[in-house]
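Data block below; observations after.
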Amino acid sequence: MLDSLQLVQPTTVAEASEALAEYGDDAKIYAGGAELLLLLRQGLLQTDILIDVKKIERLHEISWDRKTLVVGACVTHQSLATDSSVREHAPSFAYAESQVANVRVRNQGTLGGNLCFNDPHSDPGTVLLVHEAAVTLGSRKGEHEIPLRDFFSDMYATALNADELLLEIKIPPLPIGMNSAYVRLHRYQRPTLGVAAAAKMDNGTVEDIRIAVGCVGPTAQRLPELELKVKGMKIADAKRIFAEQKNYLRDRLRPVTDLLGGAEYKLYMTSVFLNHALEKAVGNGVPNT
Amino acid sequence: MNKPKSTCSLSLQVNDVSWSGDVPVEETLLEFLRVRLRLTGTKRSCESEVCGACTVLVDGRSISSCSYLAFEADGKTVLTIEGVATGDILDPLQEAFVRNIGAQCGYCTPGQIMAAKSLLMENPDPSREQIAEWLSGNICRCGAYGAIAQSILEAAQEYRSKR
């Protein structure tokens, strides 16, 4: 049983901003409940008021303006996994969405809710980092955009202020010629490890590369130093570099031992999955299940 | 901006029967079905969207009723295990589960059948692999998975031949 709750249902961003300003810390934004209701039930979170933002039409849209894919915060994982424009312009992201938990969670859970919750064991954020996605935040003071990498501040923590609402996720397609893949390791509903890679090849060498790793430490993150190191290398040499980077990965990813695996195991598997992700990205750009 | 409210008015169809009234904001669809409507086929189990025992369909899509607030179903249609048969005539899925012994203790079975129902509504000709993928979120502690998959394959064939 859940403790008593009260509900506010704004229908515009302005109304939602008013509600956030008025109820502030007594309220939680409710965008689907797939994560929030679990925490409330387990007593890990308390709130008196839910601000249900799903009545705001703008937050349900997926649009493509020929430059960027714009996804409203309340679009469900299932919609993203099956949407034709998402599959065309961000295929690895669509694949990651198709792997989130189970079909019931995908039907109910939303991308905005997932990113704001920032559970370290999650799929979508890792791929979005490779796309260099940005998030639009709104409050009474107006709207502003920040890169997703700055939005993920720590485990279960984001740069979102108490009076702010996540409105949209802006996903640029990868540069022309760059193909991507997302590979994940899972035993339970939540992934143990997720690796996203995107690479552009030039005559057998890596001309450009982007790598992100999720689930190992507190938040998903890009690995810019490793990207620099393997640029200009042949695939076989890049894979050798990945295998030699245990200390770098440990410092950078800050692996955590938890129910899904020990820190050393996750580090080892990160090296293995970096290889898999790179091979799949340069193979055909279409990740396999 | 309206003041926060502690109840919501709810009008919905459950297994083709209309219901209207007020529900507390925190009432889950599982509580609404089991306690208010006495439809106890839908089971409470993990309460964390993992096991699938509480699976029901809302507008044809499967959800975990344990973690879905009842007010969300306003204006929608809900299908539970009690609404799957037509009178005394079992659904092909139910027939196939009986025939193949697709249940041992039976606790997960309503959820398995509702998950299978939503799969067949979306994909009338699923492969065994697609069945396994779709039902990966429905746990059977007795381990009747083989018989469950076989039941769904047979029911799918029957659905297709009836159309």
Side-chain angles (χ1 to χ4, degrees), chain A residues 1-12 14-23 26-27 30-42 44 47-52 54-55 76-79 81-82 98-109 186-190 289, chain B residues 1-10 23-31 35 44 46-74 111 114-116 118-119 121-123 129-139:
Chain A
M1 294 268 283
L2 292 162
D3 289 340
S4 335
L5 290 167
Q6 291 185 292
L7 184 71
V8 186
Q9 291 183 300
T11 55
T12 62
E15 279 182 9
S17 307
E18 287 298 318
L20 283 166
E22 187 166 347
Y23 305 115
D26 297 332
Y30 173 74
E35 315 259 29
L36 180 65
L37 296 182
L38 298 191
L39 292 199
L40 290 175
R41 179 177 290 125
Q42 289 163 2
L44 296 171
T47 193
D48 298 327
I49 301 170
L50 298 183
I51 300 177
D52 176 7
K54 293 196 297 333
K55 301 280 181 200
T76 63
H77 299 298
Q78 190 68 4
S79 302
T82 53
S98 78
Q99 299 299 300
V100 170
N102 57 51
V103 65
R104 300 185 308 277
V105 171
R106 294 196 291 275
N107 281 335
Q108 188 180 344
H186 76 284
R187 276 280 286 130
Y188 303 103
Q189 294 277 307
R190 292 168 200 272
T289 50
Chain B
M1 164 67 53
N2 294 326
K3 288 272 150 224
K5 53 187 179 180
S6 49
T7 61
C8 292
S9 67
L10 171 65
V23 293
V25 171
E26 68 275 9
E27 184 164 315
T28 62
L29 185 59
L30 179 71
E31 289 159 350
V35 180
R44 182 196 301 267
C46 77
E47 295 201 291
S48 48
E49 301 157 68
V50 170
C51 77
C54 70
T55 305
V56 301
L57 308 195
V58 177
D59 283 351
R61 286 176 177 273
S62 61
I63 55 101
S64 296
S65 63
C66 71
S67 300
Y68 183 97
L69 295 177
F71 77 80
E72 296 271 21
D74 187 44
M114 298 319 292
S118 69
L119 169 62
M121 284 161 74
E122 200 148 305
N123 176 5
E129 288 68 34
Q130 287 169 325
I131 291 172
E133 169 70 25
W134 191 273
L135 271 86
S136 66
N138 287 79
I139 294 169

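Per chain, numbering begins at 1; letters A, B, ... match sequence-line order.
When each of A101(A), A34(A), G33(A) is scored by its heavy-atom pairs under 4.5 Å with chain B, the top score falls to A34(A). The candidate with the highest count of non-hydrogen atom pairs below 4.5 Å against chain A, out of S136(B), S64(B), C66(B), is S64(B). The residue among E133(B), E47(B), R44(B) with the most heavy atom pairs within less than 4.5 Å of chain A is E47(B). Highest contact tally toward chain B, considering only R106(A), R41(A), Q108(A), is held by R41(A) [criterion: heavy-atom pairs under 4.5 Å]. Among the candidates G52(B), C8(B), P4(B), G137(B), the residue making the largest number of heavy-atom pairs closer than 4.5 Å to chain A is P4(B).
Contacts of E72(B) with chain A are made by side-chain atoms alone, with heavy-atom separations under 4.5 Å and no backbone atom involved. With a threshold of 4.5 angstrom between heavy atoms, T7(B) does not approach chain A through any atom at all. Contact of Y68(B) with chain A is made through backbone and side chain together, with heavy-atom distances under 4.5 Å. Looking at L30(B), neither its backbone nor its side chain comes within 4.5 Å of chain A, counting heavy atoms on both sides. Contact of E49(B) with chain A is made through backbone and side chain together, with heavy-atom distances under 4.5 Å. For chain B, no part of I51(A) is nearby; none of its heavy atoms comes within less than 4.5 Å. Neither the backbone nor the side chain of E129(B) comes within less than 4.5 Å of any heavy atom of chain A.
Shown here are the side chain to side chain contact (heavy atoms under 4.5 Å, CB included) partners of T12(A), two or more places apart in sequence or in another chain: A14(A), E15(A). Evaluation of the side chain to side chain contact (heavy atoms under 4.5 Å, CB included) rule for A53(B) yields K43(B), S45(B), C51(B), Y107(B) as partners, not counting sequence neighbours.
Applying the 6.0 Å contact sphere to CG of D3(A) captures no more than 12 heavy atoms from other residues, nucleotides or ligands.
Of the inter-residue distances, the one linking D59(B) atom CG with N107(A) atom CG reads 11.0 Å to the nearest 0.5 angstrom. Summarising the geometry, atom CG belonging to L7(A) is positioned 5.5 Å from atom NZ belonging to K5(B); distances are rounded to the nearest 0.5 Å.
In this structure, S67(B) and L38(A) approach most closely via the heavy-atom pair OG-CD2, 3.8 Å.
One N or O on the side chain of E26(B) and one on the backbone of L5(A) form a donor-acceptor pair closer than 3.5 Å.
For the pair L69(B) and L2(A), the minimum side-chain heavy-atom distance is below 4.5 Å.
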key: salt bridge (Lys or Arg N to Asp or Glu O under 4.0 Å) between K3(B) and E22(A), intermediate numbers included   = CA-CA 11 Å; K3(B) 288 272 150 224; E22(A) 187 166 347; 3.4 Å; yes
task = With side-chain hydrogen bond (donor to acceptor under 3.5 Å, both in side chains) as the test, would you mind laying out the steps for S62(B) and R104(A) before giving the verdict?
result = CA-CA 5 Å; S62(B) 61; R104(A) 300 185 308 277; over 6 Å; no
inquiry  = Please evaluate residues W134(B) and N102(A) with respect to the criterion side chain to side chain contact (heavy atoms under 4.5 Å, CB included), reporting the C-alpha separation (whole Å), side-chain torsions for both, the decisive distance (0.1 Å), and the verdict.
reply    = CA-CA 8 Å; W134(B) 191 273; N102(A) 57 51; over 6 Å; no
